[in-house]
Number of protein chains: 2
Amino acid sequence: MEGGLPEKYRVAIVGSGNWGCVAAKLIATNTLKHNIFHDEIRMWVYAETLPNGEKLVDVINQTNVNVKYLPVRGANMLVFVTPHQFVEDACKRLAGKLRGDTEAISLIKGMEVKVDVPSMISSLISKQLGVDCCVLMGANIADEIAEEKFSEATLGYRENREVAERWARLFATPYFAVTPVQDVEGVELCGTLKNIVALAAGFVDGLGMGSNTKAAIIRIGLNEMRAFSKRLFPSVQDDTFFESCGVADLIATCFGGRNRKVAEAFVINEGKRTFDELEAELLQGQKLQGVLTAKEVYGVLERNGWFDVFPLFTTIHDICVGNKSPSAIVRLYQL
Amino acid sequence: MEGGLPEKYRVAIVGSGNWGCVAAKLIATNTLKHNIFHDEIRMWVYAETLPNGEKLVDVINQTNVNVKYLPVRGANMLVFVTPHQFVEDACKRLAGKLRGDTEAISLIKGMEVKVDVPSMISSLISKQLGVDCCVLMGANIADEIAEEKFSEATLGYRENREVAERWARLFATPYFAVTPVQDVEGVELCGTLKNIVALAAGFVDGLGMGSNTKAAIIRIGLNEMRAFSKRLFPSVQDDTFFESCGVADLIATCFGGRNRKVAEAFVINEGKRTFDELEAELLQGQKLQGVLTAKEVYGVLERNGWFDVFPLFTTIHDICVGNKSPSAIVRLYQL
């Protein structure tokens, strides 16, 4: 079969955690099904121990995914799905060891603010490795995809539609629909900024405000996500916010998810316990992504004089650090 | 005070139900506060008896809103908030009895399909009475607004921004934010079409599909609402779907509301009970707005050959009438 055919694409996953394992399952389905991909997927379990002390290798072995160490050499499709804080170091260890035709994709939600401007994870991977990097974001709670319940995801790409469609073929299954969108920054910012809005949803839940209020806060959040993304990257498209990475992931995160949960607990405890304490108790030492991102975004708003344009983002950070009471979340326009 | 000043605007409500009473409360706050409005609001309680036998006059008197019969003469701001099926008859009884400077606004969600083209309630009021008609839609569960919990609404207008802003002043309070949008059809179609999507959300809940699936179905629903509205009225704006009438009302309706509830019950009963039976039991004889609208929209899709473009709307109707099983809702793209 292989005689005169082009070489098959070889996939490696730089990953860990539930989402890494579930992504491996989706990919394995497709490497077996589509002839363009080599059957074998290699997985580099980058962070061996989670902050809570659980060994990732144990987790992954329990789920029957084949795990090998440093198996990235030889691969030309690299899937990044590590925790946000490990990606920079992983890239440093990979730099200079990759094939010339390597393409990357990031499934990591988060961003780094260095100096003034937020730096997206996909840009970090691109710059450190000298490769093009797509992103895959959406309403993708890993456990539900593992159970093969219908989900959608958005694949953000910069220019090369052919590469984007190859990535889509690698991930898409009948229960996991992947839509390519030419807006890598918009897609990635959705995945990051939604965690801030989820805090506001948690505040509203903690205040017992009802359906209208919660829907209003989610809507205002979606619009601040959109306005913020467009100010940072004028290429960002409005339509991206109608994709799974936008409105759908936001809904899933604002009705489930730990950012919402901890924010609700913060309000119920009436400010007697700080976010730091609640995080320590409820998240076993991990930090809430939303609280970190809210702080980073607040810094961007401050440096640019944008507080008036983003009353929700501003107020969420003020509440997190104890400068405003949670009920300020429903008085955004009464300043 | 009144000496050389222009005549004050006189408001009358043609209404009934919870939403009518709560609208009266919002309006009363503003007629007392803003000098441009006459203090007295008159309310024509159009439908005296609800289908469940409860007398509306009793309901309204319990809430201390002043009610008079046929008090519409003399008013030049007419607020329509009757049930959908009564508006045409109310208009017939009002025709020819209105002041020349009358403006109308509709808070009624629903549409009529006559012959081929859906006819909006605002158009019906406009045509029957020869007046301009705005609409007010949004995530507006009446009981929560009565409790003064923060809500938003969208005011759709056709051309006259000054009139739109006057309506906004009549309704807006610190806990009820009103945003004017120049897209009367888009705003009104949102209020109608969301009830179809709520049925799909109920099916997903009944199937126990989880957060990803529900978020995906709501997202697909929002996009079919948008595409359908734009095909019917090319003037419809994408931005309207980011307003309270769009994404926010859809979220509130898909997580609460009776369309969702009955659709969930339909799935849990595994098709052993028809929608008609469940409606009779759960809604005391009222018909589900979503089921009626799904049927009307299905007719439009059929006449135009649009089934392929609207797989969610098509499938929802097929499930309601028993032509497909509820699980078809998560196999939209596997036809």
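Note that these values count all heavy atoms, side chains included, but never hydrogens, waters or copies made by symmetry. This is a predicted model, so every value here is computed, not measured. Throughout, a chain's letter reflects where its sequence line sits, starting with A, and its residues are numbered from 1.
Heavy-atom distances place both the backbone and the side chain of A/Glu243 under 4.5 Å from chain B. Interface residue A/Ile145: backbone and side-chain heavy atoms are both found under 4.5 Å from chain B. Only the side chain of A/Phe255 comes within contact range of chain B, judged by heavy atoms closer than 4.5 Å. Both the backbone and the side chain of B/Ile141 come within contact range of chain A, each with at least one heavy atom under 4.5 Å from a heavy atom of that chain. Looking at A/Asp143, neither its backbone nor its side chain comes within 4.5 Å of chain B, counting heavy atoms on both sides. Only the side chain of A/Ile218 comes within contact range of chain B, with at least one heavy atom under 4.5 Å from a heavy atom of that chain.
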| request: Given side-chain contact (heavy atoms from CB on, under 4.5 Å), test A/Leu222 with A/Val247 step by step and report yes or no. | output: CA-CA 7 Å; A/Leu222 182 64; A/Val247 63; 4.2 Å; yes
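Distance check, rounded to the nearest 0.5 Å: CD of B/Glu152 to OG1 of A/Thr213 gives 9.5 Å. Distance check, rounded to the nearest 0.5 Å: CG of A/Leu312 to CZ of A/Arg219 gives 10.5 Å. Rounded to the nearest 0.5 Å, atoms CG (A/Leu282) and NZ (A/Lys261) are 6.0 Å apart.
Looking at B/Phe176 and B/Glu148, their side chains never come closer than 4.5 Å, going by heavy atoms from C-beta outward. In this structure, A/Ile217 and A/Met209 have side chains that are not in contact, with every pair of non-hydrogen atoms separated by 4.5 Å or more. Put simply, the side chain of B/Gln237 does not reach to within 4.5 Å of the side chain of B/Val181, judged on heavy atoms. Using a 4.5 Å heavy-atom threshold, the side chains of B/Lys25 and B/Thr173 count as separate. Side-chain atoms of B/Tyr175 and B/Leu26, non-hydrogen and from C-beta on, do get closer than 4.5 Å to each other.
Of all the listed residues (B/Ala248, B/Gly208, B/Ala252), the one sharing the greatest number of non-hydrogen pairs under 4.5 Å with chain A is B/Ala248. Annotation: maximal heavy-atom pairing with chain A below 4.5 Å, among B/Gly257, B/Gly246, B/Cys254, B/Gly210, occurs at B/Gly210.
Taking the six-membered ring for Trp and thresholds of 30 and 60 degrees, A/Phe310 and A/Phe313 have nearly parallel ring planes, at less than 30 degrees apart.
Taking 4.5 Å as the heavy-atom cut-off, none of the residues of residues 190-207 of chain A approach chain B.
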